[in-house]
S.K.: 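Quick one: the structure is below, questions incoming.
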Amino acid sequence: MANEEAVQAGNFLRDVLERYREWLKREAPNTARGLNKGLGASEIQRVVAGWDVPLPEDLFALFEIFNGQRGEKLALLPCPIAHTPGLRLARLEDMEAWNNAFGGEIYLFKNLGWYKSYQASPQIRSEFWLDGWLPFADVRMEREGLYLTLFIDLQPAPEGKVGQVVLNMRRVEDGRMHLERRVLAASLAEYFTDVIALMASGSVAIDSKYGIAWPAR
């Protein structure tokens, strides 16, 4: 991405994230208080400089406007799977740890043999995990054996787009692991724009204790 285009993309993402935060502060102040204070660009650069696939500067706004959330129980994003708890936001410090945790599971997945299945959109590469997949939100539903993660895809398939937002679903049933991945949006800005529209439509419930969840009653 050319420098001027990157600056424009970063400014647009910053505007979208500001609107997301302002909507929460206005409509769900208890939930909005769960957002951490943002980081400075130099702080972000210092953290991501050592990553195998550093976070592009046009995505810094994700952590400049707010650096994830405090605690794990509060949901700051609606889950793309209806009638489920909402998603928690990762801090910048969490992103690399979550990425490494997924990468460390590759041997488990390989050794499952026929006790696994995999399905993905053509825009997403077929590897089990890549350094350029940066998780930024998740929710665990232990009772259902379901773990959902959203990641920024910096290493897409030829049919995909750098920076697309991907839903990673891992379900364990009867000793079998099922992985499914699909693209939710072509960019982080597009994803948060869709989130704002969904929340503004009244389609999600906002609980003062647990935050955002499906469905609105």
Side-chain angles (χ1 to χ4, degrees), residues 7-41 43-44 55-56 58-95 98 134-144 146-153 163-169 182-217:
V7 171
Q8 291 178 348
N11 288 338
F12 179 58
L13 175 59
R14 183 172 288 102
D15 290 343
V16 171
L17 292 172
E18 288 278 15
R19 287 195 287 118
Y20 161 77
R21 183 178 63 177
E22 290 306 311
W23 191 94
L24 284 179
K25 288 170 65 176
R26 183 177 65 253
E27 304 293 337
N30 288 335
T31 299
R33 281 192 281 271
L35 291 170
N36 283 321
K37 182 181 177 181
L39 302 174
E43 294 178 276
I44 298 173
L55 185 73
D58 58 291
L59 298 179
F60 277 21
L62 178 60
F63 301 103
E64 290 175 326
I65 305 303
F66 45 80
N67 182 27
Q69 67 178 77
R70 294 187 292 273
E72 298 186 356
K73 291 184 177 180
L74 193 65
L76 271 295
L77 292 171
C79 185
I81 306 301
H83 312 298
T84 59
L87 300 160
R88 63 171 179 159
L89 276 166
R91 301 173 303 157
L92 179 63
E93 304 92 315
D94 297 327
M95 186 178 271
W98 289 8
L134 305 180
F136 69 92
D138 79 345
V139 61
R140 293 178 182 269
M141 286 168 275
E142 303 290 351
R143 183 175 299 178
E144 295 82 2
L146 185 62
Y147 181 29
L148 305 177
T149 311
L150 303 188
F151 66 78
I152 303 167
D153 187 358
Q164 63 191 8
V165 174
V166 174
L167 169 64
N168 182 71
M169 294 182 284
R182 59 183 172 89
V183 176
L184 295 181
S187 68
L188 198 60
E190 181 180 304
Y191 166 74
F192 272 95
T193 298
D194 292 344
V195 166
I196 294 169
L198 181 65
M199 295 191 304
S201 71
S203 299
V204 298
I206 301 178
D207 182 89
S208 60
K209 183 176 181 181
Y210 296 108
I212 297 171
W214 285 90
R217 300 296 184 185

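Note that the structure is a prediction, hence the values are computed from the model and not measured. Numbering of residues begins at 1 and proceeds along the displayed sequence.
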S.K.: For the pair E43 (side chain) and G40 (backbone), establish whether a donor and an acceptor sit closer than 3.5 Å, ignoring hydrogens and angles.
M.R.: yes
S.K.: Could you state the interatomic distance from CD1 (I44) to CG (L62), rounded to the nearest 0.5 Å?
M.R.: 8.5 Å
S.K.: Just verifying a value: how many Å separate L17 CG and I196 CD1, rounded to the nearest 0.5 Å?
M.R.: 8.0 Å
S.K.: Got I212 and L77 here, is their nearest side-chain heavy-atom distance under 4.5 Å?
M.R.: no
S.K.: On a heavy-atom basis, which atom in A189 and which in V16 lie closest, and how many Å separate them?
M.R.: O-CG1, 3.7 Å
S.K.: From F151 CZ over to M95 CE, what is the distance, rounded to the nearest 0.5 angstrom?
M.R.: 11.5 Å
S.K.: Would you say that L59 contacts L134 through its side chain, given a criterion of any heavy-atom pair below 4.5 Å between the two side chains?
M.R.: no
S.K.: Tell me whether the rings of F136 and Y191 are parallel (<30°), tilted (30 to 60°) or perpendicular (>60°).
M.R.: perpendicular
S.K.: Which heavy atom in V195 sits nearest to a heavy atom in P78, and how many Å separate them?
M.R.: CG1-CD, 3.8 Å
S.K.: Out of L74, D94, L76, which one pairs with L89 under the side chain to side chain contact (heavy atoms under 4.5 Å, CB included) rule?
M.R.: L76
S.K.: Of all the heavy-atom pairs spanning P85 and C79, show the shortest one and how long it is.
M.R.: O-CB, 3.2 Å
S.K.: Please name the pair of heavy atoms, one in N67 and one in F63, separated by the smallest distance, quoted to 0.1 Å.
M.R.: OD1-CD2, 3.3 Å
S.K.: Hey, what do you get for CG (D15) to CD1 (I65), rounding to the nearest 0.5 Å?
M.R.: 8.5 Å
S.K.: Looking at OG1 of T193 and CG of L188, how far apart are the two atoms once the value is rounded to the nearest 0.5 Å?
M.R.: 9.5 Å
S.K.: Write down the atom of L13, the atom of D58, and the distance for their closest heavy-atom approach.
M.R.: CD2-O, 3.7 Å
S.K.: Roughly how far apart are M199 CE and I206 CD1, rounded to 0.5 Å?
M.R.: 7.0 Å
S.K.: Could you report the tightest heavy-atom contact between R88 and Q69, atom names first, then the distance?
M.R.: CA-OE1, 3.0 Å
S.K.: Could you go through R182 and M169, starting from their C-alpha distance and side-chain angles, then the distance that decides it, and tell me whether this counts as side chain to side chain contact (heavy atoms under 4.5 Å, CB included)?
M.R.: CA-CA 9 Å; R182 59 183 172 89; M169 294 182 284; 4.2 Å; yes
S.K.: Quick check on side chain to side chain contact (heavy atoms under 4.5 Å, CB included): which of L150, L148, I81 does V139 satisfy it with?
M.R.: L148
S.K.: Is it the case that the side chain of D138 and the backbone of Y147 share a donor-acceptor pair, with hydrogens and angles ignored and the cut-off at 3.5 Å?
M.R.: no
S.K.: Should the pair E22-R19 be classified as a salt bridge under the 4.0 Å nitrogen-to-oxygen rule?
M.R.: no
S.K.: Would you find a donor on one side and an acceptor on the other, under 3.5 Å apart, between the side chain of Q164 and the backbone of D153?
M.R.: no
S.K.: Please state whether the rings of F66 and Y20 are parallel, tilted or perpendicular, taking 30° and 60° as the class boundaries.
M.R.: tilted
